[in-house]
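These notes concern the structure reproduced below.
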Protein chains: 2
Amino acid sequence: MSADPAGSTSARRGSAAAPPGSRSAQKQLTRERLLNAALNLMETGRGFSSLSLREVTREAGVVPAAFYRHFSDLDELGLALVEACGVTLRRLLRDARRQGLPPTQILRSSVLIYKNYVKENHRYFRFAASARGGGSPRIRKAIRIEESHFANEMAQDMRDMNLMPKLPMDALELICGLVVTTMMNAATDILDLPEDQPQAEKELTENFVMQLRLIFLGARSWKQPG
Amino acid sequence: MSADPAGSTSARRGSAAAPPGSRSAQKQLTRERLLNAALNLMETGRGFSSLSLREVTREAGVVPAAFYRHFSDLDELGLALVEACGVTLRRLLRDARRQGLPPTQILRSSVLIYKNYVKENHRYFRFAASARGGGSPRIRKAIRIEESHFANEMAQDMRDMNLMPKLPMDALELICGLVVTTMMNAATDILDLPEDQPQAEKELTENFVMQLRLIFLGARSWKQPG
DNA sequence: CATTATAGTGAACACTTGTTTACTCAATAT
DNA sequence: ATATTGAGTAAACAAGTGTTCACTATAATG
């Protein structure tokens, strides 16, 4: 399933043209192969911290020693994955910004969009969910930082779009922080949904919508403490 | 640090009286030693899924093969830990029920109590945080179930104490579900607090209080959908 | 074209891992 | 008092682990 079925090794040197920096481009290519290998190994539900270096290189079609040309550690690879997750999350925000929010049923449609997004990028969310609490302290902290960046960006967007215009910025950040943890938690649930059970999916979605509604209901009657 | 410093092995056979079922009592004692060993190994911040069977037995002061007298698997040990976490959580609720809530500043004092509780039982919360997203699918599901039990019990308590009397039960469950995930998330943050940084702790606490206030503010203006 | 830098190889290393086997020997049951 | 049971032991196993080293071959540099 992983070894090296006659093709992947030869593919390491691009058969067609390798236009710009063929040399460093190839390096980054195997780097991505390593990252993808780790993500693939987690697709069965295993957590990141249970992966071994050799497994990852095997899955990537590369000899163990080659790993050290890219990362000094599995931890370092994990940090790279955290960054990739950050990019993925920011893309979600950017898309939402671009297409604007539908006038009615904002919450429900946002949830549906998010649900699809999680499913499309399930590998990244799976990693984030697994390493958020289970990874090494360094990775945990990195994820925490990425999440708060995301929350702050979201707050800024709400300010820009003139949603909840009467609330000060720190209140918006509070709200978005809560929304983000709720989103991440929902992502874990979405990922573990049994495929043959559409009823469970409906319930989960409904619950998620109502949790968000609850939060924004609170936001409407929020007033500065003190 | 772990081996067997001349005392623990001999302690296996109770030096004093072993009153009731001395045999099965001894068995349960080593069983608890195994559970504690796993918890101890996680105290440095490592996730449960990175533990090995041999490490656990070593830390417990027991030979590897002895493990199988108690669990068939590390997974099974994990499930036992999940149950222990459930007991811990239920004790929190029971204490809260018993002493009743202080009339004013309910939220803030509850948060302080919770914060202390997390610190006192940090080993269980550490495990829960690490296995919630990172463990095997079985363990994840078990934790999810335990959490929802906890949320439902909390909702029932609120009903009994006549808090938010106008809300139907399913709304209470929704609210408590959100509160529980917020609590678990806060627990992770509390556990990773740097000890020499009282300022960060204050901020975290404040943020936690305000998140809960936001939720209950939403609850006050909640009305049944449809 | 000749030189150099380096991404990836292959083999070896010293360990650790999970699991099985035959065993001991004390608490129970007869 | 004797037989049985079963919790914990000791040793061995095949397999997997992280890391190192000298190496090859090719893209980049002069």
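In what follows, every chain begins at residue 1, and chains take the letters A, B, ... in the order their sequences are listed. Keep in mind that what you see is a predicted model, and the values were worked out from it rather than measured.
At whole-Å resolution of the value, CZ in B/F67 and C1' in D/dA7 are 15 Å apart. Rounded to a whole Å, the CG atom of B/D75 is 11 Å from the P atom of C/dT19. Counting to the nearest Å, the P atom of D/dT26 and the CD atom of A/Q26 are 12 Å from each other. In this structure, the CG atom of A/L74 is 10 Å from the C1' atom of D/dG18, given to the nearest Å. Rounded to whole angstrom, the span from the NZ atom of B/K27 across to the P atom of C/dT28 amounts to 14 Å. Following rounding to the nearest Å, A/H70 (NE2) and D/dG18 (P) show an atom-to-atom distance of 17 Å. As a whole-Å value, the separation of B/L34 CG from D/dA7 P is 13 Å. Following rounding to the nearest Å, A/L77 (CG) and D/dG18 (P) show an atom-to-atom distance of 12 Å.
When the side-chain nitrogen and oxygen atoms of A/S22 are compared with OP1 and OP2 of D/dA27, none of them lie within a distance under 4.0 Å. Within the structure, every side-chain polar atom (N or O) of A/S24 is placed at least 4.0 Å from both OP1 and OP2 of D/dA27. A/T30 has a side-chain polar atom (N or O) that falls below the 4.0 Å cut-off from OP1 or OP2 of C/dG8. For the OP1/OP2 pair of D/dG8 and a distance below 4.0 Å, the side-chain nitrogens and oxygens of B/R31 include no atom meeting the criterion. Contact between the side-chain N/O atoms of A/Y68 and the OP1/OP2 oxygens of D/dT19 is found at a separation under 4.0 Å.
When distances are taken from the side chain of A/E55 to each of C/dG10, D/dT17, C/dA27, the shortest belongs to D/dT17. Picking from C/dG8, D/dT17, D/dG8 the nucleotide with the shortest atom distance to the side chain of B/R69 gives D/dG8. Side chain of B/A65, nearest nucleotide from D/dT9, C/dT19, C/dA7: D/dT9. Ranking C/dT9, C/dA27, D/dA28 by closeness to the B/R23 side chain, first place goes to C/dA27.
A salt bridge does not link A/E146 with A/R132: none of the charged nitrogens is closer than 4.0 Å to a carboxylate oxygen. Under the 4.0 Å criterion applied to side-chain N and carboxylate O atoms, B/R126 and B/D192 are assigned as salt-bridge partners.
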Salt bridge (charged side-chain N to carboxylate O under 4.0 Å, His left out) between B/R159 and B/E173, intermediate numbers included:
CA-CA 10 Å; B/R159 162 66 72 242; B/E173 282 172 7; over 6 Å; no
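Within 3.5 Å, no donor on the side chain of A/R54 pairs with an acceptor on the base of D/dG16, nor the reverse.
The OG1 atom of B/T181 sits 7.5 Å away from atom CG of A/L178, with the distance rounded to the nearest 0.5 Å.
Donor-acceptor pairing under 3.5 Å is recorded for the side chains of A/D75 and A/S136.
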